[in-house]
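This report concerns only the one structure given below.
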Amino acid sequence: MNLTAENRTIGMENFAAAIASPLVRREFLLQGIRQGIRSGAGQGAHYFGYEASIERPVRVGVLGTGDEGSVLIGAVNPEFIEIVAIADIRPYNIHRAFHGDWYSEAAWSARPGLMAKYGWKSEDEARRHVRVYAHYEELLESERDIEGVIIALPLHLHAVATIAALKRGLHVFTEKLMGHSVGECKEMAQAAKLARRHLAVGHQRHYNILYDHAVDLIRRGLLGELHYIRAQWHRGNLPGNDSWQQPMPQSVKPDDVLAGTLERELQAWERRLKSLKSDPKASPSEIELWEKRVAQKRAQLADAQIAESVKNWGYEDAIIAGIYRRPAIEELIRWRLWDRTSGGLMAELGSHQLDAAGLFVAAAHGGKKQLPLSVAAIANRPIFPPDRDVESHVHCIFEFPAPGYNPKHPVDCHRKIVVAYSSINGNGWGGYGETVFGTEGTLILERELEALLFRTHEVSSKVRVSGTQERPKLELWPEGDPTSATIGQHALLGVTRGYTEELEHWAWCIRRNPEASDPDIQPRCRPEVGLADAVIALTANMAARQATRIEFDPRWFDPESSATPEGRAPDLARYG
């Protein structure tokens, strides 16, 4: 990773050339991609085969509008999904759901809010279309005309909220990880089958066109024999500067390491706004921007209003390691730091990349899904104090079967594909991505947006994408396959991460197969797929915390089997 700008450009161009296939519907695909970029719709309808529109949007409630919930709101295509209700305990999250996240240009691009998404001029106008609830149970009890829910709650609530929605006859899209335990994931899968409703899990790489191209490249043998995959997600988080340890209102925990941060920022922003308003040269747009930022910061401080009431919704005070005092509202705001509410690095980050590794391994087998054989792992927390109980460093080695693997053969028992994964804090060198090693080439995917292809030790055939987005041009230096023009132009036009596509396809499946009975009309990340990703991530957590090696039991991946790595059998009856 961390390659030069020149290497990045060359790599992306050669990837674009190498993965081109005569089977791609070139003109139709390019036209669709351009239309999607101009309209804000996804690219999936022109690539994954579902229709570009449905007769009426699916009426949906959103359970949880925090960081990821607001990303999903921002990814919604209004022609496919009509959001009619939202639920969140935090005033801050409700504010962002409507107004978007104005803390930075990148934040607003990812989380533009309901008003921008649906064209409403004010929050009052938006609330005439979208009803607001404090808790997801209230929404499920009150909303009788919705058809589905999008769930972006903390991980420990995925199963209970999903099953409650399915029991009411609703379709469900839930963020990853599917559940907090493998037993919960199996309960969710079984509930979806009984309810005859679609349950989709938010592993968006299944809808990332760049990854789908990579899968096709591997399937067609351009890397030779696949034998090693290396993946990582490294972040520079440090004590007192941790994206998972968000600041809280000072009144809820005066001795917190970040106490007073929000209050000081609000004072500084209010001074900035006052200065702009008194400056005759200040632009109205800049004044409006700072008004929105000040309003958002005040909403974040309003979380102090729920400091005690969150206990009514199951969040708990605790003393960690006999040292660290954690009030219930901290468990809510910083839920990723606690094993009771989170699955740590493997659930939040590693599950995405092991999902991608599984796609690559399947491609090496001609598209047939392969179950992992074993995982060995370690985990620790070398740089953080006991202000959390999830690890800050996880290192894993997985074994998958390679083509020709035979556990009973003295030679073929060694035919395995190794996947090495690390997720650390304290140093962000290399960022995040996956590197796929074959006997004839190496493929690097970075940040879900860039791809680089190398032929063994040298860059592959020389192809360059140039021009503009409106008039892309493919230059061949001196030779190349003309069919590469389609993917080369797609690379220049831009790659989406798959959020819009996964939501569009879920809505399309609901319209075309409302009882989830047609096996050919299913979300790409349906229950058995989401279950497999959860088994891999959660078993890796077990191996890491025991610093040991665990062999995977194929029964863990079967939604109908009672076997689980944690040893607790699924039991739908416990949900009432």
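Just so we're clear, the structure is a prediction, and the values are computed from it rather than from any experiment. One is the number of the first residue; the rest follow in order along the sequence.
With respect to the salt-bridge test (charged N to carboxylate O, under 4.0 angstrom), the residues K176 and D355 do not qualify. Salt bridge annotation for E270-R298: present, with a cationic side-chain nitrogen under 4.0 angstrom from a carboxylate oxygen. Contact check on R549 versus E399 returns a salt bridge, with a Lys/Arg side-chain nitrogen under 4.0 Å from an Asp/Glu carboxylate oxygen. Ion pairing of R568 with E184 is absent here, as no side-chain N (NZ or NE/NH1/NH2) approaches a carboxylate O to less than 4.0 Å. Salt bridge R205/E434: present, at least one basic N to carboxylate O contact under 4.0 Å. Contact check on R381 versus D389 returns no salt bridge, with no Lys/Arg side-chain nitrogen under 4.0 Å from an Asp/Glu carboxylate oxygen. Using a cut-off of 4.0 Å between Lys/Arg side-chain N and Asp/Glu carboxylate O, D88 and R96 are scored as not salt-bridged.
Looking only at atom types and distance, the side chain of Q232 has no donor-acceptor partner in the side chain of S422 under 3.5 Å away. Side-chain polar atoms of Y432 and Q353 form no donor-acceptor pair below 3.5 angstrom. In the model, T65 has no side-chain atom that pairs as donor or acceptor with a side-chain atom of N93 under 3.5 Å. At a cut-off of 3.5 Å, with distance as the only test, a side-chain donor of E448 or Q204 sits close to an acceptor on the other residue. Side-chain contact, R235 with N425: a donor N or O sits under 3.5 Å from an acceptor N or O.
With T539 as the fixed residue, the side-chain contact (heavy atoms from CB on, under 4.5 Å) test singles out one of S374, P565, C396, P372: P565.
Panel note: side chain T500, backbone A75; a donor-acceptor pair is recorded below 3.5 Å. Between the side chain of H393 and the main chain of S423, no donor-acceptor pair closer than 3.5 Å is present. Not a single donor-acceptor pair under 3.5 Å links the side chain of H395 to the backbone N or O of I378. In this structure, D303 contributes its side chain and Y92 its backbone to a donor-acceptor pair below 3.5 Å.
Not counting sequence neighbours, the partners of R334 by the side chain to side chain donor-acceptor pair (under 3.5 Å) test are D256, E330.
Ring planes of W556 and F552: perpendicular class, angle over 60° (limits at 30 and 60°).
Here Y207 and H505 bring their ring centres to under 6.0 angstrom of each other. Taking the six-membered ring for Trp and the full ring otherwise, W269 and Y103 have centroids separated by under 6.0 Å.
Rounding to the nearest 0.5 Å places CG of D317 at 4.0 Å from NZ of K311.
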